[in-house]
Amino acid sequence: MVTQESSLSYHLLGPLRVLHGEREVPLPAAKLRILLASMLLRANQTVSMDELAADLWDENPPRGAHTTLRSYVMRLRRALCPSSDERLEPIRTLPGGYLMTVDDSQLDLLRFRSTLTMAQRMAAHGDHRRESALLREALGLWRGPALSNVPSDALHRDFVPGLAERRYSALEQRIDLDLKRGAHREIVVELRDALRTCPWREHFWAQLMLALYRQGRQAEALDAFRQVSERLRGELGIAAGSELRLLHQQILTNDPALNLPLRSTLTTPGDRHRNRLCRRAAVAAPRTC
């Protein structure tokens, strides 16, 4: 049975890319990139004409939008599948919309999600070595900010923040596992890089403080607390959360518990309110998450 061209692969976790084997398929038109991204973000689901129009024109479509949309779909089909063989067509027309069917091997976003699911299963079975390897594999699919070359306010508002949240939650989880196995020396540079992009994620700061402390760099760990506290107070008007405050006190007193595997901290109602403020700040600031 002949299916769509299996050598086509799609990449959303970074700049949008389409590869035919090892050759990149050019998509210079911004509207075609938006259209393709909109369908791939809803892969294996029917996407309505209205949803596509909203992503293309940010909920302000021009007159005759559906006619223009059909012309864009035709151009996208030609770019993805120059062959006239309909059996190789990656985009199907359905009543009221379009369907793009892909599997994990073709779309990095699906591989990311399925690999995270496998990591969760390994965590449930207590296989933390395999969990860590799977998280590292999932994070390795990222090539930069998602959809960085797709100029759609709607997609960057409705989809990109959620993708970034899953990415950095997975990174936090993997670094927790690294700290539990004593790999604190390897993660300081990685954490500093993450904090340049995500300065509001308090758990990254806590991980950095602990990693520095375990290397005998107590003064730097305390300075990290000062930096995040000043930033939270000055830019968001909130105090550092309970996790950071407790860790700061433990570092000041050289608490022996810090030499043990990282322990989870319960999130208080105040922490949840602060996290909501941080997420709002992330939406307002493109380089934060």
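Quick caveat, the model's predicted, so the values are computed rather than measured. Both backbone and side-chain heavy atoms feed into the values below; hydrogens, waters and symmetry mates do not.
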If we only count heavy atoms from C-beta on, is the [X] to [Y] side-chain gap below 4.5 Å?
{"X": "His184", "Y": "Tyr213", "result": "no"}
{"X": "Ser152", "Y": "Leu56", "result": "no"}
{"X": "Tyr98", "Y": "Arg77", "result": "yes"}
{"X": "Leu110", "Y": "Arg113", "result": "yes"}
{"X": "Lys31", "Y": "Thr68", "result": "no"}
{"X": "Tyr10", "Y": "Leu16", "result": "no"}

For [X] versus [Y], what's the shortest heavy-atom pair and its separation?
{"X": "Val150", "Y": "Ala37", "value": "CG1-CB, 4.1 Å"}
{"X": "Ala54", "Y": "Ala154", "value": "O-CB, 3.8 Å"}
{"X": "Ala138", "Y": "Leu116", "value": "CB-CD2, 3.9 Å"}
{"X": "Ala79", "Y": "Val25", "value": "O-CG1, 3.4 Å"}
{"X": "Leu247", "Y": "Ala206", "value": "CD2-O, 3.3 Å"}
{"X": "Leu69", "Y": "Trp57", "value": "N-CH2, 4.3 Å"}

Can you tell me how far the [atom1] atom of [X] sits from the [atom2] atom of [Y], to the nearest 0.5 Å?
{"X": "Glu22", "Y": "Ser7", "atom1": "CD", "atom2": "OG", "answer": "11.0 Å"}
{"X": "Ile175", "Y": "Lys180", "atom1": "CD1", "atom2": "NZ", "answer": "13.5 Å"}
{"X": "Leu32", "Y": "Leu36", "atom1": "CG", "atom2": "CG", "answer": "8.5 Å"}
{"X": "Thr197", "Y": "Phe204", "atom1": "OG1", "atom2": "CZ", "answer": "9.0 Å"}
{"X": "Thr101", "Y": "Leu107", "atom1": "OG1", "atom2": "CG", "answer": "12.0 Å"}
{"X": "Leu208", "Y": "Phe225", "atom1": "CG", "atom2": "CZ", "answer": "13.5 Å"}

Can a donor-acceptor pair be found, under 3.5 Å and without considering hydrogens, that links the side chain of [X] to the backbone of [Y]?
{"X": "Asp104", "Y": "Arg111", "value": "no"}
{"X": "Asp58", "Y": "Asp153", "value": "no"}
{"X": "Glu89", "Y": "Ile91", "value": "yes"}
{"X": "Gln207", "Y": "Glu172", "value": "yes"}
{"X": "Gln218", "Y": "Ile251", "value": "yes"}
{"X": "Arg167", "Y": "Ala146", "value": "no"}
{"X": "Arg185", "Y": "Gln215", "value": "no"}
{"X": "Asp176", "Y": "Leu179", "value": "no"}

Do [X] and [Y] share a hydrophobic cluster (ILVMFWY, side-chain heavy atoms under 4.5 Å, transitive)?
{"X": "Tyr72", "Y": "Leu99", "value": "no"}
{"X": "Leu252", "Y": "Trp205", "value": "yes"}
{"X": "Leu80", "Y": "Leu19", "value": "no"}
{"X": "Leu236", "Y": "Leu244", "value": "yes"}
{"X": "Leu134", "Y": "Phe112", "value": "no"}

Legend entry - Greater than 12 external heavy atoms within 6.0 Å of Arg226's CZ: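 Yes, because the 6.0 Å sphere around CZ of Arg226 holds more than 12 heavy atoms from other groups.
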Inset, instruction - Apply side chain to side chain contact (heavy atoms under 4.5 Å, CB included) to the pair Leu163 and Trp142, showing each step before the final yes or no. - result: CA-CA 11 Å; Leu163 295 176; Trp142 285 80; 3.9 Å; yes
Identify each donor-acceptor pair in which a side-chain atom of residues 118-130 lies under 3.5 Å from a protein atom, sequence neighbours left out, and give them as a table.
unit_1	atom_1	unit_2	atom_2	d
His125	ND1	Arg121	O	2.8
Asp127	OD1	Arg130	N	3.1
His128	ND1	Glu131	OE1	2.8

Inset, instruction - Could you go through the side chain to side chain donor-acceptor pair (under 3.5 Å) check for His203 and Glu243 one step at a time? - result: CA-CA 8 Å; His203 193 56; Glu243 179 186 22; 2.6 Å; yes
Inset, instruction - Give the intermediate values and the outcome of side chain to side chain donor-acceptor pair (under 3.5 Å) for residues Asp103 and Ser105. - result: CA-CA 5 Å; Asp103 58 33; Ser105 68; 2.5 Å; yes
Inset, instruction - Run the numbers on Asp223 and Leu212 for side chain to side chain contact (heavy atoms under 4.5 Å, CB included), then give the verdict. - result: CA-CA 10 Å; Asp223 187 61; Leu212 289 169; over 6 Å; no
Legend entry - Residue pairs fulfilling side chain to side chain donor-acceptor pair (under 3.5 Å) with at least one residue in residues 33-51, sequence neighbours excluded: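 Only Ser38-Arg42, Ser38-Asp55, Arg42-Asp55, Ser48-Glu51, Asp50-His66 qualify under side chain to side chain donor-acceptor pair (under 3.5 Å).
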Inset, instruction - Before accepting this row, confirm whether a basic side-chain N of the pair Arg201/Glu165 lies closer than 4.0 Å to the acidic partner's carboxylate O. - result: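 Salt bridge flag = yes for Glu165 with Arg201.
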Legend entry - SB check Arg136 Asp178 (cutoff 4.0 Å):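 Yes, Arg136 and Asp178 are salt-bridged.
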Which pairs would a plain distance check flag for residues 188-195, meaning a side-chain donor or acceptor within less than 3.5 Å of a matching protein atom at least two apart in sequence or in another chain?
unit_1	atom_1	unit_2	atom_2	d
Glu190	OE1	Arg174	NH2	2.7
Glu190	OE2	Arg174	NH1	2.8
Asp193	OD1	Arg196	NH2	2.1

